[in-house]
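Lettering of chains follows the sequences in order, A, B, ..., and the numbering in each one begins at 1.
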There are 2 protein chains.
Amino acid sequence: MARNLHDHILQTASALFYSQGIKATGVDAIVKAAGTTKMSLYKYFPSKDDLVLAHLSKSRDAMLNRILAGVELRASEPKQKLLAVFAVFDELLSSPEFRGCPFINASAEFAEASNPVQLAAAEFSDTFREILADLARQAGAQDSESLSRQLAMLISGAIVSEQMRRQSGAMRTAAAAANILIEQSLSRAEPA
Amino acid sequence: MARNLHDHILQTASALFYSQGIKATGVDAIVKAAGTTKMSLYKYFPSKDDLVLAHLSKSRDAMLNRILAGVELRASEPKQKLLAVFAVFDELLSSPEFRGCPFINASAEFAEASNPVQLAAAEFSDTFREILADLARQAGAQDSESLSRQLAMLISGAIVSEQMRRQSGAMRTAAAAANILIEQSLSRAEPA
DNA sequence: AATAATACATACCGGTCTGTATAGTTGCAA
DNA sequence: TTGCAACTATACAGACCGGTATGTATTATT
């Protein structure tokens, strides 16, 4: 149950937003699923927009924590950590609840460039890429910026690929490509 | 003007769907922008869903034609054609009207797996990848299936990356990675 | 026991959505 | 000139949207 109604509503809304889409999820559906009322929802969230942004913020934290914890759990050396990121995402994509990336999807649902949802999505994208850039730098990559961008593209590409064709093993195919790109970058950075 | 009202409505709707999102575009807005009436729209398209599917079909044809023609224009050898695909997309991404991939976006807007929109998006994704696989095979790639999947991921990843941060040159960064992957695949396929 | 905070129940508001009904207008062809 | 088909104009149905108003039940604190 909910010791905290605010969090319970957010948790319920977050699950619905992710699984059904944000615009496809009405306030009434959230209220019904959470077993509460509109009045309570609007007590904690002034508008649906606020709830959406809270959902994205929560998703961002959960995603970053999962990535960082998963990487730390799987590898200790920077180069292995880069590859571990793909293993973490492979696990994510294997879940039956997987419905793509919350930020990519939100970005597609809210087209206007100035929309706060767009900004949140772009911010997450940047943060994630910086994590990869840090790891690439620690691993001694030649051009950690380019490499991190390329790895990020492989991951988001694998996500949308798996979204369209489930159980296609997209993230493992992406990891194979990542392995090549990483090796290339490291071999050039460390001349004999 | 429109010699053909059906096509004129579809063209207008297609532009709005792409630039503003499908769910964000009401029938009234389409009718107003096309300078016609709802009665005429519903004469040619039994429902908004039909119009949406027609839009995706039109977008698929336009996209495939643009890719194939652009590749043919830029290169004659299979390996160069693979790289030319990235040049075609780089041009696409540079347009001020660029708003991401119509199929990735539509897939995000209509979450249900059984939705016809999802099927259309998946179908395009497959077709595009097969084009890449053909080129990879012609180029003599070792594992044309894997390579084509990886290149497709780089492209869709670059698209969503550019969607979140405009003017980031994402497709050129993706092309650099593609170049490495292609070289690797060809060198392994043609042993000395 | 009195008070205050929290949450629930329900009805409602204005607006927008897809889709339809009805009537009027234009242009072209026999 | 008449007739017919395509198109326009406009109003409306019915559902759903986000958001609010009013009032009640429950619980904790004092």
Inset, instruction - For Ile9(A) and dT6(C), give me the distance from atom CD1 to atom C1', rounded to whole Å. - result: 12 Å

Legend entry - For atom CD1 of Ile30(B) and atom C1' of dG19(C), their distance in whole Å: 13 Å

Inset, instruction - Check step by step if side chain to side chain donor-acceptor pair (under 3.5 Å) holds for Ser57(B) and Arg60(B). - result: CA-CA 5 Å; Ser57(B) 179; Arg60(B) 178 200 59 207; 3.2 Å; yes

Inset, instruction - Give the rounded distance in Å between these two atoms: CG of Asp49(B) and C1' of dG19(C). - result: 12 Å

Legend entry - Separation of atom CG in Leu51(B) from atom P in dG19(C), rounded to whole Å: 10 Å

Inset, instruction - Indicate yes or no for a side-chain donor-acceptor contact from Lys23(A) to the backbone of Glu109(A) under 3.5 Å, with no hydrogens or angles considered. - result: yes

Inset, instruction - Look at Asp126(B) together with Arg129(B) and state whether they make a salt bridge at an N to O cut-off of under 4.0 Å. - result: no

Inset, instruction - Flag the pair Lys58(B) and Asp61(B) as a salt bridge only when some basic side-chain nitrogen lies within less than 4.0 angstrom of an acidic carboxylate oxygen. - result: no

Inset, instruction - Can you measure from CD (Glu162(B)) to CZ (Phe89(B)) and round to the nearest 0.5 angstrom? - result: 13.0 Å

Legend entry - Side-chain heavy atoms of Leu151(B) within contact of Ile182(B), under 4.5 Å: yes

Inset, instruction - Could you check how far CG of Leu41(B) sits from C1' of dA9(D), rounded to whole Å? - result: 15 Å

Legend entry - Footprint string (nucleotides 7-17 of chain C, 5' to 3'): B base within contact, S backbone only, - free, heavy atoms under 4.0 Å: SBB--------

Legend entry - Rounded interatomic separation in angstrom, taking OH from Tyr42(B) and P from dA9(D): 18 Å

